[in-house]
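Here's the structure we're looking at; comments come further down.
Heavy-atom basis, side chains included; hydrogens, waters and symmetry copies ignored.
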Amino acid sequence: MTLRRAAGDAYEIAAERHAQSQGLQTLDRNVSCRYGEIDLVLRERDVVVFAEVRYRDSQRFGGALASVDPRKQRRMIAAAQFYLQSRPALSRAPCRFDVFAIDGDIGAPQIQWIRDAFRVEA
């Protein structure tokens, strides 16, 4: 495992724990398919939450939140649709896309949780 991947895993765990502390349940982690990857799949009551965890050590290019650009959003939407198609029990549940933007080091991460960060265009 690379140092970068180990750091990414640590930030994803920090985001997952933060979500769990707010009452969300983890359904899956690091779901990969041909369309992309979803870092966390969570449940908040009856809502399925697809979450992207982003860490940036610099605000130079807009920081963690800015890195979830329209291209990344399209990939997440496609991966989420694929995920739901393979899980009929969840396929009719309402869904949303959240972003966990993390700044600071893993010892004391500053987590900004943006609920409903973007929507699927009809």
Arg34 side, atom CZ; Arg75 side, atom CZ - distance, nearest 0.5 Å: 12.5 Å

In Å and rounded to the nearest 0.5 Å, what is the OG to OH distance from Ser32 to Tyr83?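 Between atom OG of Ser32 and atom OH of Tyr83 there are 12.5 Å.
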
Under 4.5 Å between side-chain heavy atoms, chaining through other members, with only Ile, Leu, Val, Met, Phe, Trp and Tyr counted: pull out the rest of the cluster around Ile13, sorted by chain and number. none

List the steps and the verdict of side-chain contact (heavy atoms from CB on, under 4.5 Å) for Glu12 and Asn30. CA-CA 9 Å; Glu12 287 174 7; Asn30 299 316; 2.8 Å; yes

Under the side-chain contact (heavy atoms from CB on, under 4.5 Å) test, which residues partner Arg43, sequence neighbours left out? Gln25, Leu27, Leu90

Please give me the minimum heavy-atom distance between [X] and [Y], naming the atom from each residue.
X: Ile111; Y: His18; answer: CD1-CB, 3.9 Å
X: Val48; Y: Ala93; answer: CG2-CB, 3.8 Å
X: Cys95; Y: Phe50; answer: SG-CE1, 3.9 Å
X: Ala51; Y: Met76; answer: C-CE, 4.1 Å
X: Pro88; Y: Ser91; answer: O-OG, 2.9 Å

Looking at Arg96 and Glu44, is there a salt bridge between them, counting it only when a charged N and a carboxylate O are closer than 4.0 Å? yes

Students often mix this up, so state it plainly: with edges at 30° and 60°, are the rings of [X] and [Y] parallel, tilted or perpendicular?
X: Phe100; Y: Trp113; answer: parallel
X: Phe97; Y: Phe118; answer: parallel
X: Tyr55; Y: Tyr11; answer: parallel

Can you tell if the side chain of [X] reaches within under 4.5 Å of the side chain of [Y], non-hydrogen atoms only?
X: Glu52; Y: Gln73; answer: no
X: Ile114; Y: Asp98; answer: no
X: Val41; Y: Val31; answer: yes

Side chains of Thr26 and Gln20, donor plus acceptor under 3.5 Å: yes

Under the salt bridge (Lys or Arg N to Asp or Glu O under 4.0 Å) rule, collect the residues that match up with Arg119, sequence neighbours excluded.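 In terms of salt bridge (Lys or Arg N to Asp or Glu O under 4.0 Å), with neighbours along the sequence ignored, Arg119 is linked to Asp116.
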
Please check if atom CZ in Arg87 has more than 12 non-hydrogen atoms from other residues, nucleotides or ligands closer than 6.0 Å.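 Yes, CZ of Arg87 has more than 12 neighbouring heavy atoms, counting only those of other groups under 6.0 Å.
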
Joint cluster assignment, Leu40 & Val47, ILVMFWY side-chain distance < 4.5 Å: yes

